[in-house]
Amino acid sequence: MSANPITPTIALDDEGKNHGFLRLPYSRDDSAWGSVMIPITVIKNGDGPTALLTGANHGDEYEGPVALQGLALNLDAAHITGRVIIVPALNYPAYRAGLRTSPIDRGNMNRSFPGRPDGTVTEKIADFFATRLVPQADVVLDFHSGGKTLDFVPFASAHVLANKDQQAACLAAVKAFNAPYTMMLLEIDSAGMYDTTVEEQGKVFVTTELGGGGTATARSIAIAKKGVRNVLKHAGIMPGEPEIEPSIMLDMPDAGCFVFCEDDGLIEPVLDLGDPVGEGDIVARVWPVDRTGRAPIEYRARRSGILVSRHFPGLIKSGDCMAVVGVRS
Ligand SMILES: [Zn+2]
C-alpha cells in the first residue's frame, strides 16, 4: 500500500505550543492542487505521557470542538508534563458542513477505521490517526454527542474489553472525566469504530455522549471542559487531582436496552431523558402524519432503567433508534 499522504505542517514532537494543520491533498474542481486543512495543536513539555484529544468525529457534535478550542488556546506548555495533541474536528469536512458524515465522500468517520492510506478522504484521515497518532498516545479522549438526530443524558463511557486490566484503566479514566453519568457502553455496530482501533492498540480510551440535537448547551460544554482537564490530571499531564462530583453509574447489559422504530410518523415522547422507566412502560407514541382519527402506535421499553437517549427530531422513520434505556449499576 502507498504511504498516507497527510502531512502535518508542524512537528508533532517540538517543545512548547504549536498550532498548525494536518494537510491532506484533495484535488477537486475548485482547487486542482488543493488540500483539506485539519487544524491541530500540539503542546509539549519534556518527557511524559501523550494525550490525544479529538472532537467532531461526527461533524454535528459540538461539545468536543468547543472544549478543545478553549484548551488549545489556553493550556500553556509550562503547565503540563508530557504532550497534548488536540484535533478539535476529526472529520473536518463533515464539521465544516455541519453534517454527521463527510460531504466529500459520505464517509462516517466512526465506521471508517482503521482506514486506508489510498482510500477516500475519510479513510485517509482514519488511517493517519490509526497508524501515526494513536500509536504515539497513552490516553485517547474522543468526544461525541447525539448529533442532529439523537439526544443523550451526559455520560462518559468505557467498553467491556477482553483485557480486564485495560478495561479497568479505561474505566478509571472515564470516572476521572466525571460526567454526570458514567456508562459501560454496549455498541450496536463496533466494526470500523475509532474506539475499536484505539482499544486494539492497548490504549486507555475515554469516549462520551454529552448531549445532542445538533447543538451544545452551556451545561454540556461545562461538562466537556471539566472532563478533559480531569482526564489530563488523571494521566499526570496536568498537575492536581481531578475535580470529582457524584456520577450515576450505568450499564447496558444487552440489546434489550434499545428501542427501534418500525413505523414512519410523528413522535410523541412519553418520557424525557433521565426519567425512570419500567419494563413494558410506554416510551413514545408514533402518530400517523397523513390522517386524523387513527390511534398512535405505542412503543414500550424492554428493560427497566432510566432513559439515556432518545430520537431528537419531531418526525421519525422506520429503523430509527427511538430510545435507549440504561440500567443503574
Ligand atoms: Zn458521534
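One-based numbering, in listed order, for ligands and for the atoms of each.
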Participant: Could you tell me whether the side chain of Arg83 and the main chain of Gly46 form a donor-acceptor pair under 3.5 Å?
Facilitator: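 Not a single qualifying donor-acceptor pair exists.
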Participant: Any Lys/Arg nitrogen of Lys124 or Asp127 sitting under 4.0 Å from an Asp/Glu carboxylate oxygen of the other?
Facilitator: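 No, no charged N to carboxylate O under 4.0 Å.
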Participant: Using modelled atom types and a 3.5 Å cut-off, is there a donor and acceptor pairing between side-chain atoms of Asp60 and backbone atoms of Tyr95?
Facilitator: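 A pair under 3.5 Å: no.
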Participant: Can you check whether Lys164's main-chain N or O pairs, donor with acceptor, with Gln167's side chain at less than 3.5 Å?
Facilitator: no
Participant: I need the protein N, O or S atoms closer than 2.8 Å to the Zn ion (ligand 1), given as residue plus atom name.
Facilitator: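 His58 ND1, Glu61 OE1, Glu61 OE2, His144 ND1, with waters left out.
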Participant: With the threshold set at 4.0 Å, does a side-chain nitrogen-carboxylate oxygen contact exist between Glu279 and Arg300?
Facilitator: no
Participant: Which value, rounded to the nearest 0.5 Å, describes the distance between Lys17 atom NZ and Asn45 atom CG?
Facilitator: 12.5 Å
